[in-house]
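We name chains A, B, ... by the order of the sequence lines, and we start the count at 1 in each one.
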Amino acid sequence: MGLISNGTTIFDAGAMSAGFGGSMTFIKKLTASSSATLSFVDGSSSVVLDNTYKEYVFYFKNIHPATNSAYVTFQGNASGGSGYNETITSTMWGAFSEEDGSSANVFYTTADDQANGTAFQTIVKATNNDNDTATSGYLHLFNPSSTTFAKHFIAFGSTNGSDENDIYHTAGYFNTTSAIDEIQFKMSSGNIDAGDICLYGIA
Amino acid sequence: MLAKLNYMELRTVNMGVISNGTTLLDAGALDSGVATGAMTLIKTLTASSSATLDFLNGASSVVFDSTYDSYVFKFIDIHPATDDTDLTFQVDVGTGTSYGQTITSTAFQVFHGEDGNSGAIAYKANRDQAQGTAFQPICQDIGNGNDESMNGELTIFSPSSGTFVKHFIGLGTNVYSGDASIQIYTAGYVNTTTALTRIRFKMDSGNIDAGTIKMYGIK
């Protein structure tokens, strides 16, 4: 049964009506512990990555690599497909600032963009693996269940290089009209020593 | 009696709900003290060969006033009718419909072709404004191929302020009409101290063939 107050439906059919409550829904948290990969698979372990939401956001927090200067990367897998190897076209730019103030700059990184490539997409480069250094940031994925359009993403991350702050902004698209229902994160080399990634749906 | 209440089903009622002396909802609204999250979906507009998509405070359940400090507009798979066109926006005050407020803005582009060429970041002088009144682009040259579209977001800060100019930050990513990934980062301000009451989105040429714009309020 529903609940109506002053003529306005608050709850019905097991859900709160639109306009009430928050629009950002926590879906799943994965915590790394010397993990080779962290994977979000629709329909598995309470993960939702389908047409329930038009936008999904992954927040990665304090990702600490086992291997010094490893990159944080991700790839997708299309519904019914095998392997994290979808075709990506992307851009990537960054900026850095030394702790001693000696230099700072903004740059485009041609080594980490893709032109219809199938590699894991770098979203943050060269995270130092000192005890107090890590990477944090987010990845937005738009309308991954569309079977009409390419699947756009936007990522932004901040990390510690060698006594410097580095930021990276990556964007692009999975060049497929198949639905993307799996996302996997891993380091470019070695394990994810620690850190967590949380998945949210945006209503 | 308490045990009995615990097993009662929730029935349709036309009244408020009070728990342990605290009002949870009344008069058709959740009480302001109930934690609901800081990001609230206000309105979704879906384009269907639409010349414009407008969000007007007080119309069609749209809130665009001092209720929220910031407003975020999300663009989901905006598909233009005309190839090589930009999604743009302008705002207005009061009941104005000219959508020609004064804007000063910056814009830069990041680009990379599917053929591997032209990976670069660059300032975009033809998409900034210097006290201009044109519609402000928030992306560049969307292709109108069947699988080509634009996604992104635009944040407008304190649009109801009667003291400050109104700042905005936008990011649009799309499939470029020439088969490339392209982003436009734009930011700036509407140079007025009058409260904004409405915002309009349109392509710089032709209709918005399809796509969704969602409006959120941020507490």
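- Here the side chains of B:Asn151 and A:Phe149 are not in contact, with every heavy-atom distance at 4.5 Å or above.
- Interface remark: B:Ile121 contributes backbone and side-chain atoms alike to the contact with chain A (heavy atom separation under 4.5 Å).
- Under a 3.5 Å cut-off, the side chain of A:His140 and the backbone N or O of B:Gly152 do not form any donor-acceptor pair.
- Applying a 4.5 Å heavy-atom cutoff, the residues of residues 115-127 of chain A that approach chain B are A:Ala115, A:Asn116.
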TODO: Show your reasoning for whether side-chain contact (heavy atoms from CB on, under 4.5 Å) applies to B:Asp147 and A:Asn175.
DONE: CA-CA 9 Å; B:Asp147 64 346; A:Asn175 203 354; 4.1 Å; yes
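- Contact detail for B:Glu114 and A:Thr89: the closest heavy-atom pair is CG-OG1, 3.3 Å.
- Looking only at distances, a side-chain donor or acceptor of B:His112 sits under 3.5 Å from a matching main-chain atom of A:Gln114.
- Taking A:Thr110, A:Asp113, A:Thr148, A:Asn143 one by one and counting their heavy-atom pairs under 4.5 Å with chain B, the maximum is reached by A:Asp113.
- Contact of B:Phe108 with chain A is made through the side chain alone, with heavy-atom distances under 4.5 Å.
- Of the atoms belonging to B:Tyr185, it is side-chain heavy atoms, and not backbone ones, that fall under 4.5 Å from chain A.
- The shortest heavy-atom contact between B:Val175 and A:His152 is N-CE1, 3.5 Å.
- Counting heavy-atom pairs closer than 4.5 Å to chain B, the top-ranked of the candidates A:Met24, A:Met92, A:Lys54 is A:Lys54.
- Contact of B:Lys43 with chain A is not made at all, since no heavy-atom distance falls under 4.5 Å.
- Against chain B, the residues from residues 166-174 of chain A that qualify, each with a non-hydrogen atom under 4.5 angstrom away, are A:His169, A:Ala171, A:Gly172, A:Tyr173 in number order.
- Other residues, nucleotides and ligands contribute at most 12 non-hydrogen atoms within 6.0 Å of the CG atom of B:Asn146.
- Proximity to chain A (any heavy atom under 4.5 Å) is restricted, for B:Asp179, to the backbone atoms N, CA, C and O.
- The shortest non-hydrogen separation linking B:Ser181 to A:Thr91 is O-CG2, 3.5 Å.
- For chain A, the nearby part of B:Ala180 is the backbone; its heavy atoms alone come within less than 4.5 Å.
- Counting heavy-atom pairs closer than 4.5 Å to chain A, the top residue among B:Asn117, B:Thr44, B:Ile76 is B:Ile76.
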- [ ] Check the pair B:Asp77 / A:Phe142 against side-chain contact (heavy atoms from CB on, under 4.5 Å), numbers first and verdict last.
- [x] CA-CA 8 Å; B:Asp77 285 335; A:Phe142 295 93; 5.6 Å; no
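- Using a 4.5 Å cut-off between heavy atoms, A:Thr87 does not touch chain B at all.
- B:Gln183 touches chain A through its side chain: at least one heavy atom from C-beta onward sits under 4.5 Å away, while N, CA, C and O do not.
- Only the backbone of B:Asp115 comes within less than 4.5 Å of a heavy atom of chain A; no side-chain atom from C-beta onward does.
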